[in-house]
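The structure appears below as structure tokens.
We're numbering straight along the sequence, starting at 1. Both backbone and side-chain heavy atoms feed into the values below; hydrogens, waters and symmetry mates do not. Counting convention: from 1, in listed order, for ligands and their atoms alike.
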Amino acid sequence: MSSVGAQTPLRLGTRKSLMAMKQSQQVADMLTRRTGYAVELVGVTTEGDVSRALLAQIGGTGVFVSGLRDRLLSGEVDFVVHSLKDLPTAPPEGIALAAVPPRDDPRDCLCGVPDLTAKLADLPRAARIGTGSPRRMAQLRALRGDLDVVAIRGNADTRLRKVEDGELDAVVLAYAGLGRIGRIASVAEVLDPDRMLPAPGQGALAIECRADRPDLVALLGTLDDRETRAAVTAERAVLAALEAGCSAPVGAYAAETDEKLYLTAAVIGFDGSRQIRLSASGHPSEAERLGRDLAARMFAEGADQLMGEHAH
Ligand SMILES: NCc1[nH]cc(CCC(=O)O)c1CC(=O)O
């Protein structure tokens, strides 16, 4: 097993999409600044990038994640960076979550052109709003029952283009992702968590390497942010306990104040008219249990039934 050497650059495996390249470069720069190690980006094509049909069949982003992890396990690259919200909750065999760097803005936002002063409340009756996630769709219906919420796919650029082309009046996207691809100028309104609860882990990155490389785990660990890690641990514990994934109508957001972790999570029914939204707080060292206990309370109030409304 090779160990970390200062002379050869570390190989950071990344998908070739603009967002993936940008967030990988951001982590590479952080690591070099902090440790002096040079980092080289290695573009990786995953099955999800090659085959749209396969992506639809396997579903979601899991196929991108496992494509990158395969390159770690084969030794082709030393570490990888993912959007944390895209990671399945099951812990991967042989792979360590070496660091969760400080989180970017976790909120969702409304993106609309040409009138960037138009807030959600100003949109015309039955305006067409695009989003791919059941969580955002249901919360949009809860905020404005008259909206025509349209399911769309594709990366952020593709989605914004549907607004520019007049096919949609607006789209809802993650603020952090728009920042990474230089599209903050299309943000019309940032939606606070009390109106639109973000996806568990939204705005955070995950840095992974092989679990059998303690030298790398320690080196990458210098990028870990304790507060972000505690917050996303609590959020993802909710998702795991609900046995849900990134396409579930589940929002969760946690943040620390005065060494106390405050967690809010919600399951939203299909038409947005019903939701189960609960909060809890505790010590950051018990983040996992905080999330699990909150999910148990959500189950007790009927979370299963609301999630089931989306399964058609
Ligand atoms: N599922 C796609 C995805 N994965 C991560 C981001 C943006 C960055 C983030 O949320 O951390 C996005 C796009 C979006 O949801 O708008």
Side-chain angles (χ1 to χ4, degrees), residues 14-27 46 48-49 52 55-56 58-68 80-89 97 99-112 129-140 149-163 168 170-184 186-193 196-208 225 228-229 231-232 235-236 239 244-255:
T14 178
R15 288 180 58 218
K16 295 173 191 159
S17 73
L18 181 61
M19 194 179 299
M21 295 290 284
K22 290 284 185 190
Q23 65 194 29
S24 294
Q25 190 61 56
Q26 191 185 321
V27 168
T46 67
D49 296 304
R52 292 240 134 245
L55 187 60
I58 300 175
T61 46
V63 55
F64 298 128
V65 171
S66 54
L68 286 174
V80 297
V81 176
H82 311 278
S83 290
L84 197 132
K85 81 168 175 197
D86 295 332
L87 294 187
T89 53
L97 179 55
V100 180
R103 184 183 225 170
D104 289 334
D105 196 314
R107 295 173 296 176
D108 287 307
C109 53
L110 185 77
C111 305
I129 315 293
T131 170
S133 104
R135 172 187 62 84
R136 289 174 181 147
M137 297 179 102
Q139 289 189 100
L140 280 169
V149 180
V150 182
I152 54 169
R153 286 178 155 277
N155 62 28
D157 265 318
T158 309
R159 294 178 187 208
L160 289 170
R161 204 169 318 119
K162 289 184 197 287
V163 185
L168 297 170
V171 289
V172 176
L173 290 165
Y175 191 90
L178 290 166
R180 289 176 198 144
I181 63 169
R183 297 297 298 267
I184 289 301
S186 9
V187 174
E189 183 180 19
V190 181
L191 303 167
D192 283 328
M196 177 75 67
L197 203 58
Q202 185 159 303
L205 298 176
I207 304 178
E208 291 184 333
D225 180 63
T228 303
R229 190 184 277 257
V232 301
E235 292 161 15
R236 285 170 57 75
L239 199 63
C246 66
S247 65
V250 173
Y253 178 60

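Under 4.0 Å from ligand 1, the heavy atoms of Asp86 that appear belong solely to its side chain. Residue contacts with ligand 1, taken as heavy atom pairs separated by less than 4.0 Å, involve Ala174 via backbone and side-chain atoms alike.
In terms of polar-atom proximity, defined here as any N/O pair under 3.5 Å, Gln202 makes no such contact with ligand 1.
Of all atoms in ligand 1, listed by their number and element, those nearer than 4.0 Å to a heavy atom of Leu173 are 16 (O). Every atom of ligand 1 is numbered from 1 in the order shown, and the set under 4.0 Å from a heavy atom of Gly177 is 7 (C), 8 (C).
The shell of residues lying under 4.0 angstrom from ligand 1, judged by heavy atoms, includes Arg136. Heavy-atom separations between Arg159 and ligand 1 are all 4.0 Å or longer. Contact analysis puts Arg180 in contact with ligand 1, with a non-hydrogen atom separation below 4.0 angstrom. In this structure, Gly203 is part of the shell of residues with a heavy atom less than 4.0 angstrom from ligand 1.
Residue pairs meeting the salt bridge (Lys or Arg N to Asp or Glu O under 4.0 Å) criterion with at least one partner in residues 16-26, sequence neighbours excluded, are absent.
Residues Thr228 and Ala204 come closest through the heavy atom pair CG2-CB, 4.2 Å.
In this structure, Gln23 and Asp104 have side chains that are not in contact, with every pair of non-hydrogen atoms separated by 4.5 Å or more.
Arg180 CZ to Gln25 CD: the interatomic distance, rounded to the nearest 0.5 Å, is 14.0 Å. To the nearest 0.5 Å, the span separating CD1 on Ile152 from OG1 on Thr131 amounts to 6.5 Å.
If you run side-chain contact (heavy atoms from CB on, under 4.5 Å) between Val232 and each of Asp225, Val100, Leu87, Leu205, only Val100 comes through.
Under the salt bridge (charged side-chain N to carboxylate O under 4.0 Å, His left out) criterion, Arg103 pairs with Glu235, sequence neighbours left out.
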